[in-house]
Student: 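One structure, as structure tokens, below. Some questions next.
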Amino acid sequence: FRLSAQLRGISRDALPVTAAPTTSEVKPKVVEVYSHRPGDRPRKVTVERKQKWFAALNVEELLSKRGISFQCASWHDDHWLKLDDFDSTDFDIRTPDAWLKMGIQPDGRFLPIQAIGLRVNEAGDGR
């Protein structure tokens with residue numbers, strides 16, 4: 001039995017080491033019933049498809065389709081996002097406190113929620 005215990009220890013050491021997550025994962029908000037009719041797509045499938053779709057989106061490309069570019073060296077008024085676009089709370093699904101609570105892990109650690117943001121570099125563009 002000693003030999004098999006040694007082999008088990010060696011095989012456990014050979015397992016790949018996964019890094020601890022540095023951000024919290026938030027499932028996409030999906031408006032879908034939990035109990036579906038026969039023939040309809042199950043909610044779990046809909047959520048997985050939305051996750052894949054959101055992961056495939058490119059924020060810079062979406063903004064450029066709307067005429068918003070952060071690669072312009074001169075920052076004129078027509079290149080900025082309007083405050084009115086962010087001022088409506090009609091479609092907010094969570095309060096700011098609820099977003100912060102989503103980062104608290106079951107073991108009590110706080111991990112920030114992963115997001116994409118804009119940072120202007122030394123050249124003055126938003127790459």
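For clarity, every value in this text was computed on a predicted model and none was experimentally measured. Residue numbers count from 1 along this sequence.
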Student: Answer with yes or no whether the hydrophobic clustering places V45 together with W53; edges join I, L, V, M, F, W, Y residues whose side-chain heavy atoms lie under 4.5 Å apart.
Tutor: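 Different clusters: V45 never reaches W53 through Ile, Leu, Val, Met, Phe, Trp or Tyr contacts under 4.5 Å.
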
Student: Check L100 against F110 and note the closest heavy-atom contact, atom names and distance.
Tutor: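 Residues L100 and F110, closest heavy atoms: O-CE1, 3.3 Å.
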
Student: Nearest 0.5 Å, please: how far is NZ in K101 from OG1 in T95?
Tutor: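 Going from OG1 on T95 over to NZ on K101, the span is 7.0 Å.
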
Student: Is the number of heavy atoms from other residues, nucleotides or ligands within 6.0 Å of OH (Y34) greater than 12?
Tutor: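 Count not over threshold, so no.
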
Student: Out of the candidates R49, R43, K50, only one should pair with V47 under the side-chain contact (heavy atoms from CB on, under 4.5 Å) rule; please name it.
Tutor: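 That would be R43.
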
Student: Can you sort out the partners of D107 under salt bridge (charged side-chain N to carboxylate O under 4.0 Å, His left out), two or more places apart, ordered by chain and number?
Tutor: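 Expected list: R109.
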
